[in-house]
Amino acid sequence: MGEVDPAFIQDPDHRPKLSITEVEGIPLIDLTPIISPDSISDPKAIEAVVREIGNACRDWGFFQVINHGVVLDKLRNIETAARKFFALPLEEKRKIRRDEKSVLGYYDSERTKNVRDWKEVFDFTVEEPTLVPASPDPEDKEETEWYNQWPEHPPELREVCEEYAREVEKLALKLMGLIALSLGLPENRFSSYFKDQTTSIRLNHYPACPSPQLALGVGRHKDGGALTVLAQDDVGGLEVRRKTDGAWIRVKPTPNAYIINVGDSIQVWTNEKYQSVEHRVMVNSEKERFSIPYFLNPSHYTIIKPLEELINEQNLAKYRPYSWGKFMTNRKLSNFKKLNVENIQIHHFRVSELMD
């Protein structure tokens, strides 16, 4: 990726500051009471974890979990395979380059907010095939199937990715249950939305960047789905916009922890009791960085709207219902071309009379 092409340069307002404010970071939650076999015998400890998760979702939109039950060997295996894949020559990686027809695979020119990200990625879907709308057009009832593109090298990539996906799925769905409990809802309240999930996993590689003060690994954004479960290496670079004052807070890597963030779908389901927050990724002039986000997404036919149990005359629904599948396919368009308009966001569905 060499010297910084102008396509990577952020507007002055959004350029990263290289001095890091070291402050109390996002909450760190120990899931031992939930995950350990004898956890059932201690309801108080479970209640405490549920409360911590609810507070973190409300105050930060982000938290880290330790003792989460994911077999660490599976994480190490996918990390090793990802490093091998990204070390391949560009022409080899581009054999499985994604495009508007095959939206999964390798990509090295993604944009966030119409500015190019300093990264390369490999995307795969967890349910294969994944059923999605054929187009974002609300009148078009056609469906299509997404299939993964696997590279020849490293040969073990497919197997380690599929094994890892099964491990993290258990954690992601368990967390959705805890979030439901934190809202005073039954633990299985969200379960039906993930029957034909559109969940995907991304392998990220952020090469060392000669001008880390001009470019970003990923520009500021929010995640559109339900929940993101992120594994990051020890280099770090993820920054979260703090809700209290809008300051960018660096998430310090914690060994063997996962970083969890609330997506826009949860913001709508909870009628803004829990809100997704902006985050971005800094690049480093000396070190490359690797990360693996797992994006837990509902089935394409899910209609996202505030949950009936959480709205009443004092707390009216803040969003109009929208189709997750149409929302997602609309968002995908901006991956392949620079758009002249803002990508679709949940605020486009916000009820106007409630607008500030």
### Task
Look at the side-chain heavy atoms of Ile, Leu, Val, Met, Phe, Trp and Tyr, link any pair under 4.5 Å apart, and say whether Ile179 and Ile35 land in one connected group.
yes
### Test item: Trp118 side-chain N/O and Pro207 main-chain N/O as donor-acceptor pair under 3.5 Å
yes
### Query
Do the side chain of Thr199 and the main chain of Leu296 share a donor and acceptor less than 3.5 angstrom apart?
no
### Task
Please report the shortest heavy-atom distance between Ser276 and Gly263, naming the atom on each side.
CB-C, 3.6 Å
#### Entry: Whether Asn312 side chain and Gln314 backbone form a donor-acceptor pair below 3.5 Å
yes
### Query
Does Glu92 CD have over 12 foreign heavy atoms under 6.0 Å away?
yes
### Task
Quick one: list whatever passes side chain to side chain contact (heavy atoms under 4.5 Å, CB included) with Gln64, sequence neighbours left out.
Ile26, Leu28, Val251, Thr254, Ala257, Ile259
### Query
For the residue pair Trp150 and Cys161, what are the closest heavy atoms and their distance?
CH2-CB, 3.7 Å
### Message
Does any part of the side chain of Asp123, heavy atoms only, come nearer than 4.5 Å to the side chain of Tyr107, both counted from C-beta?
### Response
no
### Message
Tell me which pairs pass salt bridge (charged side-chain N to carboxylate O under 4.0 Å, His left out) where either residue lies in residues 286-299, with sequence neighbours left out.
### Response
none
### Message
What I'd like to find out is whether the side chain of Tyr301 reaches to under 4.5 Å of the side chain of Leu131, using heavy atoms alone.
### Response
no
### Message
Does Lys174, at its NZ atom, have more than 12 non-hydrogen atoms belonging to other residues, nucleotides or ligands within less than 6.0 Å?
### Response
no
### Query
At what distance, to the nearest 0.5 angstrom, does CG of Leu75 lie from CD1 of Ile292?
6.0 Å
### Task
Quickly, which of His279, Lys113, Glu278 forms a side-chain hydrogen bond (donor to acceptor under 3.5 Å, both in side chains) with His221? Name it, please.
His279
## Note on the structure
Here the gap from Ile346 atom CD1 to Ile304 atom CD1, rounded to the nearest 0.5 Å, amounts to 10.0 Å
### Message
Just by distance, no angles: are the side chains of Thr112 and Asp117 close enough, under 3.5 Å, to form a donor-acceptor pair?
### Response
yes
### Query
Does any pair with a residue in residues 128-146 pass salt bridge (charged side-chain N to carboxylate O under 4.0 Å, His left out), and if so which ones, sequence neighbours excluded?
Glu128-Arg158
### Task
Measure across Leu175 and Leu227 and return the closest heavy-atom pair with its distance rounded to 0.1 Å.
CB-CD2, 3.7 Å
### Summary
By side chain to side chain contact (heavy atoms under 4.5 Å, CB included), Ala45 pairs with (sequence neighbours left out) Pro33, Asp42
### Query
Measuring from Tyr106:OH to Arg98:CZ, what's the distance to the nearest 0.5 Å?
11.0 Å
### ring-ring contact (aromatic ring centres under 6.0 Å, His included) against His68, all qualifying residues, sequence neighbours excluded
Tyr258
#### Entry: Val70 and Leu171: CA distance, side-chain angles, deciding distance, side chain to side chain contact (heavy atoms under 4.5 Å, CB included) verdict
CA-CA 7 Å; Val70 173; Leu171 172 61; 3.9 Å; yes
### Ser265 side chain to Gly224 backbone, donor-acceptor under 3.5 Å
yes
### Query
Who passes salt bridge (charged side-chain N to carboxylate O under 4.0 Å, His left out) against Glu272, sequence neighbours left out?
Arg350
#### Entry: Heavy-atom closest contact (Val283 atom, Pro212 atom, distance)
O-CB, 3.5 Å
### Task
Over all heavy atoms of both residues, which pair between Ala317 and Pro306 is shortest? Give the atoms and the distance, please.
CB-CG, 3.9 Å
### Message
Testing the 3.5 Å rule here: is there a donor-acceptor pair between the side chains of Tyr274 and Ser182?
### Response
yes
### Task
State, yes or no, whether a side-chain contact exists between Leu104 and Phe124 at a heavy-atom distance under 4.5 Å.
no
### Query
Looking only at atom types and distance, does a side-chain atom of Thr198 sit under 3.5 Å from a main-chain N or O of Pro298, one as donor and one as acceptor?
yes
### Query
Can you find a pair of side-chain heavy atoms, one from Trp324 and one from Tyr193, that are under 4.5 Å apart?
no
### Task
Give every residue pair that meets the salt bridge (charged side-chain N to carboxylate O under 4.0 Å, His left out) criterion with at least one member in residues 55-69, sequence neighbours excluded.
none
### Query
Checking salt bridge (charged side-chain N to carboxylate O under 4.0 Å, His left out) against Lys74, which of Glu169, Glu159, Glu163 comes through?
Glu163
### Query
With distance as the sole test, does Asn77 use its side chain to make a donor-acceptor pair with the main-chain N or O of Asp73 at under 3.5 Å?
yes
### Task
Specify the closest pair of heavy atoms between Ser323 and His300, including all atoms of both residues, with the distance to one decimal.
OG-O, 3.9 Å
### Student check: side-chain heavy atoms of Trp269 and Arg189 closer than 4.5 Å
no
## Note on the structure
Residues passing the side chain to side chain contact (heavy atoms under 4.5 Å, CB included) test with Pro27, sequence neighbours excluded, are Ala56, Trp60, Phe63
### Query
Which of these passes side-chain contact (heavy atoms from CB on, under 4.5 Å) with Phe290: Asn204, Asp234, Asp233, Val235?
Asp233
## Note on the structure
Rounded to the nearest 0.5 Å, the CG atom of Leu157 sits from the CD1 atom of Ile78 at a distance of 7.0 Å
### Task
Mind checking salt bridge (charged side-chain N to carboxylate O under 4.0 Å, His left out) for Arg94 and listing every partner two or more places apart, or none if nothing turns up?
Asp108
### Query
Would you say the side-chain atoms of Ser102 pair up with the backbone N or O of Asp99, donor to acceptor, closer than 3.5 Å?
no
### Query
Cluster partners of Ile303, using ILVMFWY side-chain heavy atoms under 4.5 angstrom, listed by chain and number?
none
### Query
Which distance, rounded to the nearest 0.5 Å, do you find between the OG1 of Thr329 and the NZ of Lys326?
6.0 Å
### Task
State whether the side chain of Asn271 and the backbone N or O of Lys318 hold a donor-acceptor pair below 3.5 Å, judged by distance alone.
yes
### Task
Output yes when Arg250 and Glu239 qualify as a salt bridge under the 4.0 Å nitrogen-oxygen rule, no when they do not.
yes
### Message
side chain to side chain contact (heavy atoms under 4.5 Å, CB included), that's the test. Do Asp264 and Val268 meet it? Break it down for me.
### Response
CA-CA 6 Å; Asp264 286 340; Val268 176; 5.5 Å; no
### Task
Taking the side chain as every heavy atom from C-beta outward, state whether Leu307 and Thr270 have any atom pair closer than 4.5 Å.
no
### Query
Arg202 and Thr228: side-chain donor and acceptor closer than 3.5 Å?
no
### Message
Once rounded to the nearest 0.5 Å, what's the spacing between atom OG of Ser109 and atom CZ of Arg97?
### Response
4.5 Å
### Message
Check this for me: does any side-chain nitrogen of one of Arg76 and Glu79 sit under 4.0 Å from a carboxylate oxygen of the other?
### Response
yes
### Message
I want to check something: taking the side chain as every heavy atom from C-beta on, are Phe122 and Ile96 in contact at a cut-off of under 4.5 Å?
### Response
yes
### salt bridge (charged side-chain N to carboxylate O under 4.0 Å, His left out) partners of Lys305, counting only residues at least two apart
none
### Query
For Lys84, what residues pass the salt bridge (charged side-chain N to carboxylate O under 4.0 Å, His left out) criterion, not counting sequence neighbours?
Glu156
